[in-house]
**Q** 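What follows is a single structure, and I will ask about it in a moment.
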Amino acid sequence: MSSSSQASTFTYTDGDREYVVDISNPTYSSRESLGVFVIGSKVWKVFTNTNSLERSQRDYQLADYNALPIDGATIYQGVVRRPGHSSSSGYALVTKDMSNGTFFSCQQSTSQFKNIVDEITDRTILKRIEGACESAVNIGLRDPQGFIGVSHNEPITFIDVHTSVSSRFAGEMLEIVRTRLDAIRR
């Protein structure tokens with residue numbers, strides 16, 4: 001995690017140590033942030049301002065409190081430096097790299113999620129996913145997305161958590177899992 005004078009960086013403090021993360025080359029683009037950066041075993045979603053920081057902190061605290069699997073997601077506030085731009089106060093949402101799992105996104109429909117769940121035959125895994133989907137409904141998870149199959153201990157992990165009063169897709173996800181549980185019970 002080093003920087004050069006021409007690199008884009010995110011600088012933050014954790015405890016009494018300062019860290020500088022090179023954010024020059026995003027791994028994935030993002031419509032709401034500077035980009036998503038896979039660095040080692042971590043994924044960094046970096047924001048160039050703090051406009052949504054409080055909301056993100058509140059959403060992740062609610063997710064954690066309600067046992068939504070978020071696999072140790074952490075938010076760091078810091079400074080974003082980019083060549084040709086003024087330094088700005090920003091923040092980064094940091095999660096583990098889960099690319100060994102199967103990505104799902106329910107931003108427009110639950111069909112991708114259903115296709116993945118329909119391949120699962122282990123009732124224990126489906127019951128864990130059912131519990132996670134119940135948590136998603138309880139917090140009103142909007143635009144659910146994440147990974148299935150990252151580990152047996154936590155077979156589903158949600159990323160990019162946004163909450164609201166209710167979520168149609170979280171409810172649909174729960175019904176998909178329950179339908180699958182019924183289908184393999186026979």
Side-chain angles (χ1 to χ4, degrees), residues 14 28 30-33 36-38 41-47 50-77 91-186:
D14 188 13
Y28 305 103
S30 168
R31 71 179 188 281
E32 61 188 6
S33 72
V36 177
F37 307 83
V38 178
S41 63
K42 302 283 185 187
V43 177
W44 297 71
K45 185 172 186 179
V46 179
F47 297 81
T50 57
N51 295 347
S52 59
L53 174 61
E54 252 182 61
R55 172 81 189 205
S56 290
Q57 289 171 325
R58 194 170 46 247
D59 286 347
Y60 275 87
Q61 287 169 350
L62 183 64
D64 189 46
Y65 180 79
N66 284 277
L68 184 77
I70 53 175
D71 206 6
T74 306
I75 295 174
Y76 295 110
Q77 191 169 354
Y91 72 99
L93 170 62
V94 183
T95 63
K96 292 179 185 172
D97 181 3
M98 295 172 249
S99 58
N100 61 322
T102 302
F103 178 74
F104 69 88
S105 175
C106 299
Q107 294 177 314
Q108 297 180 4
S109 85
T110 54
S111 61
Q112 182 185 32
F113 179 79
K114 182 180 184 320
N115 291 339
I116 298 166
V117 167
D118 282 349
E119 296 296 316
I120 300 171
T121 57
D122 185 320
R123 289 187 57 76
T124 303
I125 289 174
L126 285 166
K127 292 298 281 179
R128 300 279 313 260
I129 294 172
E130 179 185 36
C133 290
E134 287 172 349
S135 294
V137 169
N138 290 342
I139 68 169
L141 185 64
R142 286 186 305 130
D143 303 332
Q145 53 188 309
F147 291 87
I148 292 179
V150 175
S151 76
H152 192 75
N153 291 337
E154 202 58 78
I156 186 170
T157 303
F158 291 91
I159 60 169
D160 206 13
V161 172
H162 301 283
T163 63
S164 64
V165 176
S166 66
S167 169
R168 178 184 110 203
F169 291 133
E172 286 180 21
M173 290 171 65
L174 180 57
E175 288 309 310
I176 287 166
V177 174
R178 288 181 173 162
T179 298
R180 180 67 180 146
L181 277 164
D182 286 343
I184 64 170
R185 184 175 301 157
R186 300 177 193 147

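A quick note: this is a predicted structure, and the numbers were derived from the prediction, not measured.
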**Q** Working to the nearest 0.5 angstrom, can you tell me the gap between Ile70 CD1 and Gln61 CD?
**A**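 So the gap between those two atoms works out to 9.5 Å.
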
**Q** To the nearest 0.5 Å, what is the distance between CG (Leu141) and CZ (Phe169)?
**A**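 Leu141 CG to Phe169 CZ: 11.5 Å, rounded to 0.5 Å.
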
**Q** Working to the nearest 0.5 Å, report the span between OG1 of Thr50 and CZ of Arg55.
**A**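 CZ of Arg55 is found 15.5 Å from OG1 of Thr50.
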
**Q** So how far is it from Gln57 CD to Gln77 CD, rounded to the nearest 0.5 Å?
**A**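 Reported to 0.5 Å precision, the distance equals 7.0 Å.
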
**Q** Could you name each residue pair satisfying salt bridge (Lys or Arg N to Asp or Glu O under 4.0 Å) that touches residues 155-165, not counting sequence neighbours?
**A**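 The answer is Lys45-Asp160.
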
**Q** Measuring only between side-chain heavy atoms, which start at C-beta, is Val43 closer than 4.5 Å to Tyr28?
**A**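 Val43 vs Tyr28: side chains apart.
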
**Q** With sequence neighbours left out, what residues match Asn115 under side-chain hydrogen bond (donor to acceptor under 3.5 Å, both in side chains)?
**A**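 side-chain hydrogen bond (donor to acceptor under 3.5 Å, both in side chains) check on Asn115 returns nothing, list empty.
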
**Q** How far apart are the C-alpha atoms of Lys114 and Asp118, what are their side-chain angles, what is the distance that settles it, and do they pass the side-chain contact (heavy atoms from CB on, under 4.5 Å) test?
**A** CA-CA 6 Å; Lys114 182 180 184 320; Asp118 282 349; 2.5 Å; yes

**Q** In the structure I gave you, are the side-chain heavy atoms of Thr95 and Thr157 within less than 4.5 Å of one another anywhere?
**A**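 A side-chain contact under 4.5 Å is absent here.
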
**Q** In terms of heavy-atom contacts, does OH of Tyr65 have more than 12 from other residues, nucleotides or ligands at under 6.0 Å?
**A**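 Not more than 12 within 6.0 Å, no.
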
**Q** Might you confirm whether atom CD of Glu32 has over 12 heavy atoms from other residues, nucleotides or ligands at distances under 6.0 Å?
**A**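 Enclosed: over 12 neighbouring heavy atoms sit under 6.0 Å from CD of Glu32.
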
**Q** Identify the heavy atoms of Ile156 and Pro69 that sit nearest to each other, and give their distance.
**A**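 Ile156 and Pro69 have their closest heavy atoms at O-CB, 3.2 Å.
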
**Q** Any salt bridge (Lys or Arg N to Asp or Glu O under 4.0 Å) involving residues 132-144? Give me the pairs, sequence neighbours left out, ordered by first then second residue.
**A**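 Counting only pairs at least two positions apart or across chains, the salt bridge (Lys or Arg N to Asp or Glu O under 4.0 Å) contacts touching residues 132-144 are Glu134-Arg178.
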
**Q** Is a donor on one side and an acceptor on the other found under 3.5 Å between the side chain of Glu130 and the backbone of Val177?
**A**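 Side chain of Glu130 to backbone of Val177: no pair is present.
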
**Q** So which atom in Asp59 and which in Thr163 form the shortest heavy-atom distance, rounded to 0.1 Å?
**A**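 Asp59 and Thr163 have their closest heavy atoms at OD1-OG1, 2.6 Å.
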
**Q** Considering non-hydrogen atoms only, spot the tightest contact between Ser56 and Tyr91 and give its length.
**A**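 So the two residues come closest at OG-OH, 2.9 Å.
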
**Q** Among residues two or more places apart or on two chains, list those pairs meeting salt bridge (Lys or Arg N to Asp or Glu O under 4.0 Å) that have a residue in residues 163-173.
**A**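 Sorted pair list: Arg168-Glu172.
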
**Q** For the residue pair Thr74 / Tyr60, report whether a side-chain donor-acceptor contact shorter than 3.5 Å exists.
**A**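 Note: Tyr60 and Thr74 side chains miss the donor-acceptor criterion.
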
**Q** Under the ring pair (Phe, Tyr, Trp, His ring centres under 6.0 Å) rule, what pairs show up with a residue in residues 112-135, not counting sequence neighbours?
**A**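 Every ring pair (Phe, Tyr, Trp, His ring centres under 6.0 Å) pair that includes a residue of residues 112-135, provided the two are not neighbours, is Phe104-Phe113.
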
**Q** If you compare all heavy atoms of Ala136 against all heavy atoms of Phe158, which two are closest, and at what distance to 0.1 Å?
**A**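 Scanning both residues, the minimum pair turns out to be CB-CZ, 4.3 Å.
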
**Q** Got a donor-acceptor contact below 3.5 angstrom from the Ser167 side chain to the Ala170 backbone?
**A**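 Side chain of Ser167 to backbone of Ala170, a donor-acceptor pair under 3.5 Å: yes, one is there.
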
**Q** Arg180 side chain to Leu126 main-chain N or O, any donor-acceptor pair under 3.5 Å?
**A**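 Side chain of Arg180 to backbone of Leu126, a donor-acceptor pair under 3.5 Å: no, none is there.
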
**Q** Taking all non-hydrogen atoms of both residues into account, name the closest pair between Met173 and Cys106 and its distance.
**A**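 So the two residues come closest at SD-SG, 3.8 Å.
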
**Q** Using side chain to side chain contact (heavy atoms under 4.5 Å, CB included) as the criterion, list what pairs up with Ser135, not counting sequence neighbours.
**A**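 Expected list: Ala67, Leu68.
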
**Q** Please step through side-chain contact (heavy atoms from CB on, under 4.5 Å) for the pair Leu53 and Phe47, ending with a clear verdict.
**A** CA-CA 9 Å; Leu53 174 61; Phe47 297 81; over 6 Å; no

**Q** Over all heavy atoms of both residues, which pair between Ile116 and Ile148 is shortest? Give the atoms and the distance, please.
**A**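 Shortest heavy-atom contact: CG2-CD1, 3.7 Å.
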
**Q** Report the distance from atom CG of Leu174 to atom OG1 of Thr110, rounding to the nearest 0.5 Å.
**A**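 Separation between the atoms: 11.5 Å.
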
**Q** Taking C-beta and beyond as the side chain, do Phe37 and Val46 meet within less than 4.5 Å on heavy atoms?
**A**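 Yes. Closest side-chain heavy atoms under 4.5 Å.
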
**Q** Do other residues, nucleotides or ligands put more than 12 heavy atoms under 6.0 Å from Glu119 CD?
**A**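 No, CD of Glu119 has 12 or fewer neighbouring heavy atoms, counting only those of other groups under 6.0 Å.
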
